[in-house]
There are 2 protein chains.
Amino acid sequence: MRRNPERRQALIDAAIEVLAREGARGLTFRAVDAEAAVPPGTASNYFANRDDLFTQVGGRIYERLLPDEATIARGREGVQDEARYAELMHELVDRVSAFNSGYLALLELRLESTRRPELRAVLTKRIREDIDANIGYHAASGLPGDSTSVVLLYLALNWLIVERLTLPDIFTEQEVHELVDAAVRRSLASDGVTGG
Amino acid sequence: MRRNPERRQALIDAAIEVLAREGARGLTFRAVDAEAAVPPGTASNYFANRDDLFTQVGGRIYERLLPDEATIARGREGVQDEARYAELMHELVDRVSAFNSGYLALLELRLESTRRPELRAVLTKRIREDIDANIGYHAASGLPGDSTSVVLLYLALNWLIVERLTLPDIFTEQEVHELVDAAVRRSLASDGVTGG
DNA sequence: TTGACACCACTCCATCCGTAGTACTACGTT
DNA sequence: AACGTAGTACTACGGATGGAGTGGTGTCAA
């Protein structure tokens, strides 16, 4: 079990690409070695076994999907109106869609987590934290909409990205854009309908 | 290429279970044979190659996820108010979640369609038809909400099912129930916000 | 008798894990 | 400056699995 952190990270990032391209079952030590352009056997030295590899990828993938710190900072400060909010959501969808392999890899990990309790635990923790953080940001912004609104927006945007990445001909780019707008608009306009 | 239709269907249904349990890469002729409890080599006689197997499963999976005809008939006639609509959506989410392996298999197929143009074409066609049908049903019901509302509801419910199936500890059953209610409520209450 | 299908057997091939063993580099010691 | 040591990069192989495709045999019905 080698300890060179740069090399380990490079291997994990290579694993993300392999996951997206070959699927969960295609994620082997050999494939990671090839993707990272290191000699065969290297990944074997850095991860105890495939389970360990999955778990470590699960721990890292979410960092790579999150926006960089500058964007987070802008988000925290600048969200005062609906237009700005919508703009941020478009950025989110575009950024995640752009890091194509990252999102596909996350989907593969989700499906794989069905069979790997350790991986499931890691993913559950990360994603729960992300949702709560989003609820927190929204609450701090003072914009209308409760936590349910935020979660519903999260749900819709996630599946929208799934559609876009897996079956790009279902919705046109134009439709995707309009759907993001509509989702944001409804999320912020939902104060009056929270009564059951 | 054998032509016994019952046997073919049994093999395809077995393939769905294999897909959900083992993932796309685990869908092999041998695994299908084992799952269907037929002698090894049988699947090989019914499908030209793995690609053909994927495509045929893609053509069938959606039928199995759709409600039976009785439910569809009830849906067409009986949706006059929000309560009934919400009830139907709960039924939908529960039914799809209950046919656990079917939905997971569909997710696997979506990811696999990234690498298989034929499969992608089949899935795109089926799913586009389903979305359009839902929009049509909604329009015929006379309830408030335009096609965008329907699609946004579709998006949110799909990801909700993904969360429920892949990471069941993210939301409690109670939260899932409330989110379905809220999604329906907002979808039907969105007449006033369609202006951009 | 003929044709279609179920079933079985066999060959060839590709891939992978785990690890043992070698080579290189850096650094500290004397 | 020579030497030793430790950690890491790299190579090679043992051992084993799993699967695709195909040809051949048995069986049943028209």
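The chains referred to below are lettered A, B, ... by the order of the sequence lines, with proteins before strands, and numbering in each begins at 1.
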Applying side-chain hydrogen bond (donor to acceptor under 3.5 Å, both in side chains), can you list everything that pairs with B/Arg64, at least two apart in sequence or on another chain? B/Asp13
Can you list, in residue-number order, the parts of residues 34-42 of chain A that come under 4.0 Å of DNA chain C, counting heavy atoms only? none
Partner set under side chain to side chain contact (heavy atoms under 4.5 Å, CB included) for B/Glu6, not counting sequence neighbours: B/Asn4
Taking side-chain hydrogen bond (donor to acceptor under 3.5 Å, both in side chains) as the test, write out the residues that go with B/Asp52, two or more places apart. B/Gln56
Inter-end axis angle, the helix from C/dT1-D/dA30 to C/dT30-D/dA1, with every axis fitted to five base pairs (rounded, 10 degrees): 0°
Rounding to a whole Å, what distance do you find between B/Asp52:CG and D/dG21:P? 11 Å
Side-chain contact test, heavy atoms from C-beta onward, threshold under 4.5 Å: evaluate it for B/Glu63 versus B/Arg126 and give yes or no. yes
Answer yes or no: is there a side-chain heavy-atom contact under 4.5 Å between A/Leu188 and A/His138? yes
Set of side chain to side chain contact (heavy atoms under 4.5 Å, CB included) partners for A/Ser113, sequence neighbours left out: A/Leu119, A/Arg120, A/Leu123, B/Leu167
With B/Asp81, which residues qualify under side-chain hydrogen bond (donor to acceptor under 3.5 Å, both in side chains), at least two apart? none
Side chain to side chain donor-acceptor pair (under 3.5 Å) pairs touching residues 31-43 of chain B, sequence neighbours excluded, are B/Arg21-B/Glu35
How would you label the contact of A/Tyr46 with the nucleic acid (heavy atoms, under 4.0 Å): base, sugar-phosphate, or nothing? sugar-phosphate
Between the protein and nucleotides 23-29 of chain D, are there any N/O to N/O pairs under 3.5 Å, and if so, what are the atom names and distances?
none

Return the orientation label for the B/His90 and B/His177 ring planes: parallel under 30°, perpendicular over 60°, tilted otherwise. parallel
If only side-chain N and O atoms count, and only distance matters, is there a donor-acceptor pair under 3.5 Å linking B/Ser149 with B/Asp146? yes
Check the interface with nucleotides 18-20 of chain D: list each N/O to N/O pair with the protein under 3.5 Å, or write none.
residue: D/dA20; atom: OP1; partner: B/Phe29; partner atom: N; Å: 3.4
residue: D/dA20; atom: N7; partner: B/Arg30; partner atom: NH1; Å: 2.9
residue: D/dA20; atom: N6; partner: B/Arg30; partner atom: NH2; Å: 3.4

Is A/Arg185 positioned over the aromatic face of A/Tyr85, cation under 6.0 angstrom from the ring centre and no more than 45 degrees off axis? no
B/Glu178 side chain reached by A/Thr148 side chain, heavy atoms, under 4.5 Å: no
Output all residues satisfying side-chain hydrogen bond (donor to acceptor under 3.5 Å, both in side chains) with A/Asp51, sequence neighbours left out; order by chain, then residue number. A/Arg116
Would you check if A/Val150 and A/Leu153 make a side-chain contact, meaning some heavy-atom pair closer than 4.5 Å? no
Could you tell me how the ring of A/Tyr154 sits relative to the ring of B/Trp159: parallel (under 30°), tilted (30 to 60°) or perpendicular (over 60°)? perpendicular
Reading DNA chain C 5' to 3', which nucleotide is the first, and which the last, to come under 4.0 Å of any heavy atom in chain B? C/dC5 to C/dC8
